[in-house]
Engineer: 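Take this structure first; my questions come after.
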Amino acid sequence: MIDIKLIREKPDFVKQALLNRNQDTKIVDDILSLDVRFRNLTNQVNQLRSQRNAISKQVAQKKASGSSQEVEALMNEGKKIGEQIDSIESELKEIEQQINRLVLFVPNIPDSSVPIGKDETFNPEIRRWGEPRKFDFPAQAHWDLGPALGLMDFDRASKLSGSRFTVMYKDFARLERALMNFMLDLHTKEHGYTEVWVPHLVKRSTMTTTGQLPKFEEEAYRIEADDLFLIPTAEVPLVALRSDEILEEKELPLLYTAYTPCYRREAGSYGKDVRGMIRQHQFDKVELVWITTPERSFEDLEKLVSHAEDVLKRLELPYRVIQLCTGDLGFGAAKTYDLEVWLPSYNAYKEISSCSNDTDFQARRGNMRYRRKDGKLAFVHTLNGSGVAIGRTLVAVVENYQRPDGKIDVPKALQPYLGCEVLG
RNA sequence: GGAGAGGUGGCCGAGUGGUCGAAGGCGCUUGCCUGCUAAGCAAGUGUGGAGGUUUUCUCCACCGAGGGUUCGAAUCCCUCCCUCUCCGCCA
């Protein structure tokens, strides 16, 4: 969440940020009017409390030295003030709850370096790497190749679980596992990340820290009996790992990586990417998370992006980097780069990683602070990025490395993990 | 699922109705001392909010959360949440 003081002191700035995100600004006015009332009542109640505290002190003194009449009078006065306090407090509490609820629905402020635009058509391309392969035979989509090889099974997947699920066998199942290990090894051995193994079911408060709740509850799978949520990304447990803690400046930045499955209801994406395993209710991903300081978080984002890019470079998959404009930015993000890999079946670049600086947005929600060298406390900054989505990487490898005979060449970087040069 | 214990400042830990925002210790900061390091000595050291004469100050809140009793609650009562232990079940 953003600092309520920012709304209080620079409401026009916040409204402009919302407009840049292509969103309604009414929420700012709603919060402002509640806040005025809140501060007004706070002052009233503080004065009354101060009076009551003074009376209570006198009671204690007079009990030892004064007359019982004096004590009686003071106690009555205190009681009257107490009644006034009670009535103001109940109103105050209600207003505070409303403010807190609303503030959780305000998105992060886009960084000043983010281009302004109303939707994804305004996302600038930052750079490209590699050349899309020219096929001298009719290239197939993975949803044709996979089943033809007997390694991908969409029919039985839907028998088991419905749409947007996949079953894989033998070499493709191994490929999934190889990619997982390849990515984790790369990030831990060469990029300095600490591998973490995390729960896949998390509490409501954990999902609130990272911003999935309360606004996007309908997109998450929820276990009703225990009010637990299936994580939509390892970002959730990795970022919240250090919530409600005070870190030392010298231990920052913390670099975490984790492999997890990701579970998404994909509500509202009907008709999108319905073929193959591009958009699934369950997919594997290796996630990268930084917990860092405000001074360096934007530089760190560049590093994080380069770590995700390194995965695609080593797999020799053509990709491009785009920056999300204000209108396309996620709820918690101040700045985001997407990596898009070349997919022959789409004849286009397709998102395979999203890397964001959430600044102090998640840190405020999760109360994640650090003690600076000068002794002051400040909120940390959190970054997250896919390093990268494994299912889509498998698709990219299968489609980009396909051969005329329908089998798949294994990228050099994966050969040690698979122990062979051809799949199928 | 059954039974029990517990949640106090950065950490540990005392504190059962009135100068308790909270002893003590550790840690941290600064100074002194010291060939170096360590140790030692001294002082300081919670967070948040509102206001203001805005680098000095005042007030308020906060001892898991919420309610209650009371003139007054870390302390008493109720509800909830969380953690841990033992038993049962179980990969």
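Worth knowing before you read on, the calculation uses all heavy atoms, side chains too, and leaves out hydrogens, waters and symmetry mates.
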Engineer: OH of A:Tyr370 versus C1' of B:U47: gap in Å, rounded?
Structural biologist: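 In whole Å, B:U47 C1' lies 17 Å from A:Tyr370 OH.
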Engineer: Taking only the side-chain nitrogens and oxygens of A:Arg52, find out if one of them lies under 4.0 Å from OP1 or OP2 of B:G72.
Structural biologist: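 Yes.
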Engineer: How many whole angstroms separate atom CG of A:Leu48 from atom C1' of B:C71?
Structural biologist: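 A:Leu48 atom CG is separated from B:C71 atom C1' by 14 Å.
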Engineer: In this structure, how many angstroms lie between the C1' atom of B:C71 and the CG atom of A:Asp86, rounded?
Structural biologist: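 Spelled out: CG on A:Asp86 to C1' on B:C71 is 13 Å.
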Engineer: Relative to the 5' end of RNA chain B, which residue comes earlier, A:Leu74 or A:Asn53, by the nucleotide with the nearest heavy atom?
Structural biologist: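 By nearest-heavy-atom nucleotide position, the 5'-most residue is A:Asn53.
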Engineer: Sort out the partner of B:A91 for me: Watson-Crick or G-U wobble, both distances under 3.5 Å, none otherwise.
Structural biologist: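 When the pairing criteria are applied, nothing turns out to pair with B:A91, so the answer is none.
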Engineer: Report yes if at least one side-chain N or O of A:Lys5 is closer than 4.0 Å to OP1 or OP2 of B:G49; otherwise report no.
Structural biologist: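 It does, given that an N or O in the side chain of A:Lys5 lies less than 4.0 Å from OP1 or OP2 of B:G49.
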Engineer: My understanding is that a pair needs two contacts under 3.5 Å, Watson-Crick or G-U wobble. By that rule, which nucleotide pairs with B:G40?
Structural biologist: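 Paired with B:C32.
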Engineer: Would you classify A:Arg204 as touching base, sugar-phosphate or nothing, given that sugar-phosphate means primed atoms plus P, OP1 and OP2, and contacts are heavy atoms under 4.0 Å?
Structural biologist: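 No contact.
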Engineer: If you measure from the Lys or Arg side-chain nitrogens to the Asp or Glu carboxylate oxygens, is any gap between A:Lys350 and A:Asp273 under 4.0 Å?
Structural biologist: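 Yes, this pair counts.
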Engineer: Rounded to the nearest Å, what distance is computed from the CZ atom of residue A:Phe379 to the P atom of nucleotide B:U47?
Structural biologist: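 Rounding to the nearest Å, CZ of A:Phe379 and P of B:U47 are 13 Å apart.
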Engineer: State whether the distance check finds a donor on one side and an acceptor on the other, under 3.5 Å, for side chain A:Lys57 versus base B:G72.
Structural biologist: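 No pair found.
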Engineer: Taking OP1 and OP2 of B:C60, is either one under 4.0 Å from a side-chain nitrogen or oxygen of A:Ser50?
Structural biologist: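 Answer yes for this pair, as a side-chain N or O of A:Ser50 is under 4.0 Å from OP1 or OP2.
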Engineer: Looking across every strand, which nucleic acid part, if any, lies under 4.0 Å from A:Lys250 by heavy atom: base, sugar-phosphate, or nothing?
Structural biologist: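 Nothing, no heavy atom under 4.0 Å.
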Engineer: Would you call the rings of A:His191 and A:His307 parallel, tilted or perpendicular, taking 30° and 60° as the class edges?
Structural biologist: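 Because their plane-to-plane angle is under 30°, the rings of A:His191 and A:His307 count as parallel.
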Engineer: Measure from CD on A:Gln44 to C1' on B:G49 and round the result to the nearest Å.
Structural biologist: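 Roughly 16 Å, once rounded to whole Å.
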Engineer: Could you list the donor-acceptor pairs under 3.5 angstrom formed between side-chain atoms of residues 241-248 of chain A and any protein atom two or more places apart in sequence or on another chain?
Structural biologist:
residue	atom	partner	partner atom	Å
A:Arg242	NE	A:Glu245	OE1	3.0
A:Arg242	NE	A:Glu245	OE2	3.4
A:Arg242	NH1	A:Tyr256	OH	3.0
A:Arg242	NH2	A:Glu245	OE1	3.2
A:Ser243	OG	A:Ala240	O	2.8

Engineer: So A:Leu175 and A:Leu418, do their side chains get closer than 4.5 Å, heavy atoms only?
Structural biologist: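 Result yes, sub-4.5 Å side-chain heavy-atom pair found.
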Engineer: Identify whether any heavy atom of A:Ile81 sits under 4.0 Å from a base atom; if not, whether one sits that close to sugar-phosphate; answer base, sugar-phosphate or nothing.
Structural biologist: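 Since no nucleic acid heavy atom lies under 4.0 Å of A:Ile81, the category is nothing.
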Engineer: Please state how far atom CD1 in A:Ile246 lies from atom P in B:G46, giving the value in whole angstrom units.
Structural biologist: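 Result: 13 Å.
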Engineer: Between the side chain of A:Thr257 and the main-chain N/O of A:Glu195, is any donor-acceptor distance below 3.5 Å?
Structural biologist: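 Such a contact is absent between A:Thr257 side chain and A:Glu195 backbone.
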Engineer: Would one find a side-chain N or O of A:Arg371 under 4.0 angstrom from OP1 or OP2 of B:G46?
Structural biologist: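 Looking at the OP1 and OP2 atoms of B:G46, neither is under 4.0 Å from any side-chain N or O of A:Arg371.
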Engineer: Just compare B:G49, B:C71, B:U47 and give me whichever is closest to any side-chain atom of A:Arg8.
Structural biologist: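 Nucleotide nearest to A:Arg8's side chain: B:G49.
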Engineer: On RNA chain B, check which nucleotide each of A:Val45 and A:Gly82 is closest to and give me the residue with the more 5' one.
Structural biologist: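 Checking each residue's closest nucleotide, the 5'-ward one belongs to A:Val45.
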Engineer: Expressed as a whole number of angstroms, how long is the span from A:Arg369:CZ to B:G10:C1'?
Structural biologist: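 To the nearest whole Å, that distance equals 10 Å.
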Engineer: Without decimals, in angstroms, what is the distance between A:Asp35 CG and B:G51 P?
Structural biologist: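 My rounded result for the distance is 9 Å.
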Engineer: With a 3.5 Å limit on both atom pairs, tell me what B:C82 is paired to, counting Watson-Crick and G-U wobble, or say none.
Structural biologist: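 Its partner is B:G6 (Watson-Crick or G-U wobble, both distances under 3.5 Å).
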